[in-house]
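Let me begin by presenting the structure, written as structure tokens, before commenting on it.
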Amino acid sequence: MELKDLSCNWKKLRATLDAGTSSPKRKASTDILQPQHNGVKRLKLVTAASYPSRNVALRESRSIVKMGTSHSKPPEPVVAPSASLALWAEDNDISAKDLAEAYGKSMKSTSIPSLPDSEPATEKVNEGLSSTVEAGKYIAVDCEMVGVGPDPDNDSALARVSVVNYHGHQLYDSYVSPKEPVTDYRTFVSGITSELLRSARTLEAVQADVAKLLDGRILVGHSVRSDLDALLLGHPKRDIRDTSRYPGFRQYSAGRTPGLKKLAKEVLGVDIQGGQHSSIEDARATMLLFRKERTGFESEHAKKWGSSSKNQLSRDGTNDSAGTKRKRKKKKKKKKTPKE
């Protein structure tokens with residue numbers, strides 16, 4: 001190749017290279033490269049301020065690390081309320097937790113502040129008959145027992161009885177003086193001591209008081225026949241709603257008779273009988289169980305005894321329709337006599 005041709009080609013190549021410098025192959029980001037007055041682009045120092053959203057996330061993550069992440073903490077255990085708190089909360093359409101926090105009470109508290117026109121759901125131990133609480137149609141009873149005689153594990157006597165109304169308000173509470181010598185107070189369960197029984201009423205006095213409350217009312221209880229036997233009192237079967245015999249509750253004990261403590265926990269989410277029993281708390285839990293499944297209770301009752309309209313309660317606890325039927329039978333016999 002001649003020198004003249006080589007020089008011409010070199011000029012063309014040089015022209016091409018000069019043209020390429022004005023249009024770079026890759027365009028640099030304006031966020032990274034900063035133009036200068038001399039036409040050369042230099043790298044801009046990237047700081048956290050360049051990415052505000054990323055910076056906020058970074059600060060939040062650091063604060064979580066310092067404080068301890070919520071995911072690393074185990075969830076706080078749910079504290080079940082007392083039966084008193086649960087009843088009061090339900091009647092006033094407020095959660096038990098909110099109620100406890102509002103009044104600075106423990107979830108286990110059985111002392112509930114009263115509202116205007118509302119009876120406080122506090123325990124008035126050994127008060128006897130309440131002069132301010134109305135009984136209503138439904139009442140719940142619970143008793144505490146002590147061991148007596150030479151075989152206190154098997155022989156029991158009544159030592160305390162409590163009665164509450166439909167809203168869990170205390171109608172009656174009394175210690176009872178056993179007729180037999182007490183050989184085991186069962187304090188760890190019953191809460192009864194020899195000192196408490198010094199102010200106890202006689203069995204006859206308690207029987208009379210409770211009989212007045214039972215008169216013409218529907219009795220709610222858990223294994224309520226045991227309580228009635230301890231009181232040496234009776235009550236019509238059709239006027240009893242026993243939570244231990246309700247079919248809907250058998251699922252919690254594999255078909256067997258469920259305990260009150262288990263039902264309170266499983267059905268109500270309520271803790272009772274954590275240590276020494278309170279017959280008032282147990283009566284309230286029983287009433288709350290009945291209220292929870294009242295429709296089911298009445299449906300079961302109607303299957304056995306007929307509709308409520310045919311089985312009205314009278315003031316003496318008898319059945320009006322039953323009495324009416326007996327009178328009709330007598331009338332029929334009188335009509336047959338003249339014909340014979």
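Quick note: numbers below take in every heavy atom, side chains included, and nothing from hydrogens, waters or symmetry partners.
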Separation of [Y] [atom2] from [X] [atom1] (nearest 0.5 Å):
X: D227; Y: C143; atom1: CG; atom2: SG; answer: 4.0 Å
X: Y252; Y: E266; atom1: OH; atom2: CD; answer: 7.0 Å
X: L228; Y: L219; atom1: CG; atom2: CG; answer: 5.5 Å

Does [X] share a hydrophobic cluster with [Y], counting links as ILVMFWY side-chain heavy atoms below 4.5 Å and allowing steps through other members?
X: V146; Y: L203; answer: no
X: Y185; Y: V189; answer: no
X: V125; Y: I272; answer: no
X: V220; Y: Y246; answer: yes
X: I192; Y: V210; answer: no

Side-chain heavy atoms of [X] within contact of [Y], under 4.5 Å:
X: R225; Y: K237; result: yes
X: D282; Y: E144; result: yes
X: R284; Y: M287; result: no
X: P178; Y: L197; result: yes
X: L289; Y: E293; result: no
X: L214; Y: D239; result: no
X: Y166; Y: F290; result: yes
X: Q170; Y: V163; result: no

Determine yes or no for a side-chain-to-main-chain donor-acceptor pair under 3.5 angstrom, with [X] supplying the side chain and [Y] the backbone.
X: S223; Y: S226; answer: no
X: E300; Y: P247; answer: no
X: T183; Y: G149; answer: yes
X: N165; Y: E134; answer: yes
X: N126; Y: S199; answer: yes
X: H235; Y: R217; answer: yes

Completion exercise
Which of I280, V164, V206 passes side-chain contact (heavy atoms from CB on, under 4.5 Å) with Y172? Answer is V206
Residues in side-chain contact (heavy atoms from CB on, under 4.5 Å) with [X], at least two apart?
X: K304; value: none
X: Q276; value: T187
X: P258; value: F249, R250, S253, L263

Problem - R241 to Y138 six-membered ring, cation-pi geometry met (6.0 Å, 45°) - result: no
Exercise for the section: Would you list the pairs meeting salt bridge (charged side-chain N to carboxylate O under 4.0 Å, His left out) in which at least one residue belongs to residues 189-205, sequence neighbours left out? Expected result: K179-E204
Handout entry: By ring-ring contact (aromatic ring centres under 6.0 Å, His included) - contacts of Y175 (at least two apart)
Key = none
Problem - No-hydrogen, no-angle side-chain donor-acceptor test under 3.5 Å, H222 and T286 - result: no
Exercise for the section: Let me see the working for V176 and L231 under side-chain contact (heavy atoms from CB on, under 4.5 Å), right down to the final yes or no. Expected result: CA-CA 10 Å; V176 185; L231 284 159; 5.9 Å; no
Handout entry: Nearest heavy atoms of A200 and S177, plus distance in Å
Key = CB-N, 3.6 Å
Problem - Nearest heavy-atom neighbours spanning H169 and V133 - result: CB-CG1, 3.7 Å
All N/O donor-acceptor pairs, side-chain side in residues 155-162, below 3.5 Å, sequence neighbours left out:
residue	atom	partner	partner atom	Å
S156	OG	R186	NH1	3.0
S156	OG	R186	NH2	3.0
R160	NE	D173	OD1	3.0
R160	NE	S279	OG	3.3
R160	NH2	D173	OD1	3.2
R160	NH2	D173	OD2	3.4
S162	OG	D173	OD1	2.4
S162	OG	S279	OG	2.6

